[in-house]
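Encoded as structure tokens, the structure appears first; notes follow it.
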Amino acid sequence: MSMNADLGKPRELTGLQKRRALHQPELPPCLQGKAIRVEFGDSTTTIDPTCANMVAQEFPNTFGQPLVHFLKPNKMDAQANYEHPPIRVGVVFSGRQSPGGHNVIWGVYDAMKTQNLQSVLLGFIGGTEGLFANQTLEITDDALSAYRNQGGFDFLGRTVDQIHTTEQVNAAMSTCCDLDLDGLVIIGGVTSNSDAAQLAETFANHNCKTKVVGVPVSLNGDLKNQFVETTVGFDTVCKVNSQLISNVCLDAISAGKYYHFVRVMGWKASHVALECALQSQPNMVILGEEVAFSKLTLKEIISKICDGVQARAAQEKYHGVLLISEGLIESIPEMFALIQEINILHSNKVPENNIPSQLSPWATALYNYLPPFIRREIDTEQLLAHLVEAEMNKRMKEGKYIGRKFSSVCHFFGYQARGSLPSNFDCDYAYAMMSVKRHSRSPGAVPTGKPVIHPSPVDLQGKAYALLREKASSFLLDDFYRTPGGIQFDGSGADVKPITLTVEDQDYLGDIKLLQDYLEKVRNIVKPGCSREILKAAISSMSSVKDVLKVMSAPFYAELPLFNLN
């Protein structure tokens, strides 16, 4: 297999890149120095209790591992001279490039060398294909020097981004055994971390000593749970996109005659759209999750957008910015069904020209409704802009709309941010990132035959979404566009965190510790020899708590509040 000869080689840096390379990421106290103290807690489980047994059956060797707490070293640990044996670790990029990926490699390298200078870190050239073919380069200070705090995945490169088939899994295991690896670090998103979990189980089942660690690096921000608050790269991508969106907003209000339809990344989850909306404050935002929940049809979405356009026209505003997520189109029920039919026909090798004649009657009607330029490749922003224009012209002809002719401009911000210089947040987060991989399901995810990690959607009951709903009316009618500007590497704005992250203000592990403290206090009060009354009160209280938790652990089918697009 041929590999890109330029991968892993030193490169010339610009003045800005050289300045950026000087940034030294901060480590939490518990990860500083040689004395790394850990404490093992209770065994872990899935977020959905109903699938715990299924996951346990599929992952008998790796499911239910105890939660690991990293503790701040005490004075004795700090003064002790620890000698750790050298280890050999491999690292591979297995997902779409995302800012901060190189810092994961840097963080692993520094951590290994801090423990023992003889430790060896090997990078697989060309992603998973390089893993299968045992194509490596040894990571050194000189090799890393041009990639510290830099964007892209061009240090090692990436290819197929999957370790699915038996042949691929066996090739990966063979490489790890041949190289005598103690660990394998897989850097990627949802799919790559699912592969990491499967690989860890397979290695354990075959007594392969290589431990597999998955690191959530994804611009979509959709690999998150109680322990992982966001993904590496999400902050940078949102900051870059928010600057672009705010520029478009200022252009729109300056010209005063165009509606800009902006689509951002996020196929299965709309985290990027939500964060960018809060940062730049466009006039309208449509998230895939709210459309899927409300089961809005394409016609209903168009009607709601047109109502917003008409409301702004009543204030003599004939411009605006509409922000949508990349996966919106598949959240529309009839569009999802149409795409599914077309995909099935494609998989059955049906020629492109014959597809329309083999669709179901309702799918044919929808297909014919779509503009000809959309049928081959659906660009959501262009589809919405075309249909909104047609509806506004119709309303004007019928006398329902009095105002200027509707005009639109479309944008897709997808690749512009993936190779950006990472923000301080992503530099530090990637450098210190640690993740214990196990399979879990997001709330509302559809059960599958084989457990996988599902993308975590926007929580329509969360504080961040509630903030968006609270400001929706103001966003629509008042042009309070926000200009966050470019990414700041120094100064007061350099360490600003994502709004969606700060609003939620979650401390899951802190709450776990609080619960454990309460249980310990109860245990200290209810001891053999305590009064009968105290014992009865404790039993009654615990019984009530158990009943409440049992009800809450049952499948949840209640409806979420409907977001009013107006």
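All values below come from the heavy atoms of this structure, side chains included, with hydrogens, waters and symmetry mates left out.
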- Where Leu287 and Ser270 come nearest, the two heavy atoms and their spacing: CD2-CB, 3.8 Å
- Message: Looking at Gly33, is its backbone amide N or carbonyl O close enough to the side chain of Thr114 to form a donor-acceptor pair, meaning the two atoms are under 3.5 Å apart?
- Response: no
- Message: With rounding to the nearest 0.5 angstrom, report the OG1 to CD1 distance, Thr483 to Ile245.
- Response: 12.0 Å
- If every non-hydrogen atom of Asp426 is compared with every non-hydrogen atom of Thr236, which pair is closest and at what distance? OD2-OG1, 2.6 Å
- Task: Assess whether salt bridge (Lys or Arg N to Asp or Glu O under 4.0 Å) is satisfied between Lys209 and Asp182, documenting all intermediate values.
- Result: CA-CA 6 Å; Lys209 76 170 187 176; Asp182 298 286; 3.3 Å; yes
- Message: Please check: side-chain N/O of Thr128 versus main-chain N/O of Val92, any donor-acceptor pairing under 3.5 Å?
- Response: no
- Would a 4.5 Å heavy-atom cut-off, applied to side chains only, mark Arg263 and His411 as touching? no
- Can you tell me if Thr175 uses its side chain to pair, donor with acceptor, with the backbone of Leu131 under 3.5 Å? yes
- Message: Given Ile186, which partner from the list Asp195, Leu199, Val215 fulfils the side-chain contact (heavy atoms from CB on, under 4.5 Å) test?
- Response: Leu199
- Query: Roughly how far, to the nearest 0.5 Å, is CD1 of Ile105 from CG of Leu121?
  - Reply: 7.5 Å
- Sub-4.5 Å side-chain heavy-atom contact between Cys410 and Asp379: no
- Keeping the roles fixed (side chain from Thr159, backbone from Gly126), state whether a donor-acceptor pair exists under 3.5 Å. yes
- Can Ser242 and Gln279 be said to form a side-chain hydrogen bond (donor to acceptor under 3.5 Å, both in side chains), step by step? CA-CA 6 Å; Ser242 294; Gln279 287 197 27; 3.3 Å; yes
- Is Leu184 close to Phe124 at the side-chain level, that is, under 4.5 Å between some pair of heavy atoms? yes
- Message: Walk me through whether Tyr465 and Glu290 qualify under side-chain hydrogen bond (donor to acceptor under 3.5 Å, both in side chains).
- Response: CA-CA 10 Å; Tyr465 181 70; Glu290 60 192 9; 2.6 Å; yes
- Message: For a side chain to side chain contact (heavy atoms under 4.5 Å, CB included) check, start with the C-alpha distance between Ile139 and Leu137, then their side-chain angles and the critical distance, and finish with the verdict.
- Response: CA-CA 6 Å; Ile139 308 296; Leu137 66 83; 3.7 Å; yes
- Contact summary for Asp428 and His23, nearest pair of heavy atoms: OD1-NE2, 3.0 Å
- Query: Do side-chain atoms of Glu504 reach the backbone of Ala464 as a donor and acceptor pair under 3.5 angstrom?
  - Reply: yes
- Message: Treating Glu330 as the side-chain partner and Gly327 as the backbone partner, does any N or O pair qualify as donor plus acceptor under 3.5 Å?
- Response: no
- Message: Are Phe475 and Asn283 packed together at the side-chain level, in the sense that at least one heavy-atom pair is separated by less than 4.5 angstrom?
- Response: no
- Distance, nearest 0.5 Å, that separates CG of Asp459 from OG1 of Thr500: 12.0 Å
- Judged by atom type as modelled, is there a donor-acceptor pair below 3.5 Å linking the side chain of Ser119 to the main-chain atoms of Ile87? yes
- Item | pair Gln281-Cys249: side-chain heavy atoms closer than 4.5 Å | no
- State, to 0.1 Å, how close Thr231 and Tyr429 come at their nearest heavy-atom pair, and which atoms those are. C-CE2, 3.9 Å
- Item | Note, Val190 side chain near Lys268 side chain (heavy atom, < 4.5 Å) | no
- Note on the structure: Only one of Asn241, Leu244, Val285, Val237 passes side-chain contact (heavy atoms from CB on, under 4.5 Å) with Cys276, and that residue is Asn241
- Message: Quick one, His271 with Asn220, criterion side-chain hydrogen bond (donor to acceptor under 3.5 Å, both in side chains). Give me CA distance, side-chain angles, the key distance, then yes/no.
- Response: CA-CA 7 Å; His271 297 288; Asn220 295 323; over 6 Å; no
- Message: Using 30° and 60° as the class boundaries, would you call the ring planes of His102 and Phe155 parallel, tilted or perpendicular?
- Response: perpendicular
- Note on the structure: CG (Leu278) and CG (Leu274) are apart, to the nearest 0.5 Å, by 5.0 Å
- Message: Tell me whether Asp490 is salt-bridged to Arg19, with the criterion being a basic N under 4.0 Å from an acidic carboxylate O.
- Response: yes
- Task: Output yes when a side-chain donor or acceptor of Glu201 lies under 3.5 Å from a complementary backbone atom of Thr62, and no otherwise.
- Result: yes
- Shortest non-hydrogen contact from Thr45 toward Ala52: OG1-CB, 3.9 Å
- Keeping the roles fixed (side chain from Glu289, backbone from Pro457), state whether a donor-acceptor pair exists under 3.5 Å. no
- Query: Hey, are the side chains of Leu467 and Lys463 touching, using non-hydrogen atoms and a 4.5 Å cut-off?
  - Reply: no
- Message: Using modelled atom types and a 3.5 Å cut-off, is there a donor and acceptor pairing between side-chain atoms of Asn343 and backbone atoms of Ile339?
- Response: yes
- Message: side chain to side chain contact (heavy atoms under 4.5 Å, CB included) for Glu326 and Val272? Distances and angles first, verdict last.
- Response: CA-CA 10 Å; Glu326 185 179 20; Val272 174; over 6 Å; no
- Message: Counting neighbours of CD on Glu167 that are heavy atoms of other residues, nucleotides or ligands and sit closer than 6.0 Å, is the number greater than 12?
- Response: no
- Query: Roughly how far apart are Asn170 CG and Ser174 OG, rounded to 0.5 Å?
  - Reply: 8.5 Å
- Task: For Leu219 and Phe234, work out which heavy atoms get closest and say how close.
- Result: O-CD1, 3.6 Å
- Task: Decide yes or no on salt bridge (Lys or Arg N to Asp or Glu O under 4.0 Å) for Arg11 and Asp154, but give the supporting numbers first.
- Result: CA-CA 10 Å; Arg11 58 180 177 176; Asp154 53 319; 2.5 Å; yes
- Message: Just checking Lys211: does its NZ atom have more than 12 heavy atoms from other residues, nucleotides or ligands closer to it than 6.0 angstrom?
- Response: no
- CE (Met173) and CD1 (Ile163) are apart, to the nearest 0.5 Å, by 12.0 Å
- Test applied, side-chain contact (heavy atoms from CB on, under 4.5 Å); reference residue, Thr202; option that passes from Thr166, Val212, Val169: Val169
- Item | Option passing ring-ring contact (aromatic ring centres under 6.0 Å, His included) with Tyr431 (candidates Trp106, Phe425, Tyr109) | Trp106
- Message: Are Asn103 and Asn149 packed together at the side-chain level, in the sense that at least one heavy-atom pair is separated by less than 4.5 angstrom?
- Response: yes
- Return yes when atom CZ of Arg96 has more than 12 non-hydrogen atoms of other residues, nucleotides or ligands closer than 6.0 Å, and no otherwise. no
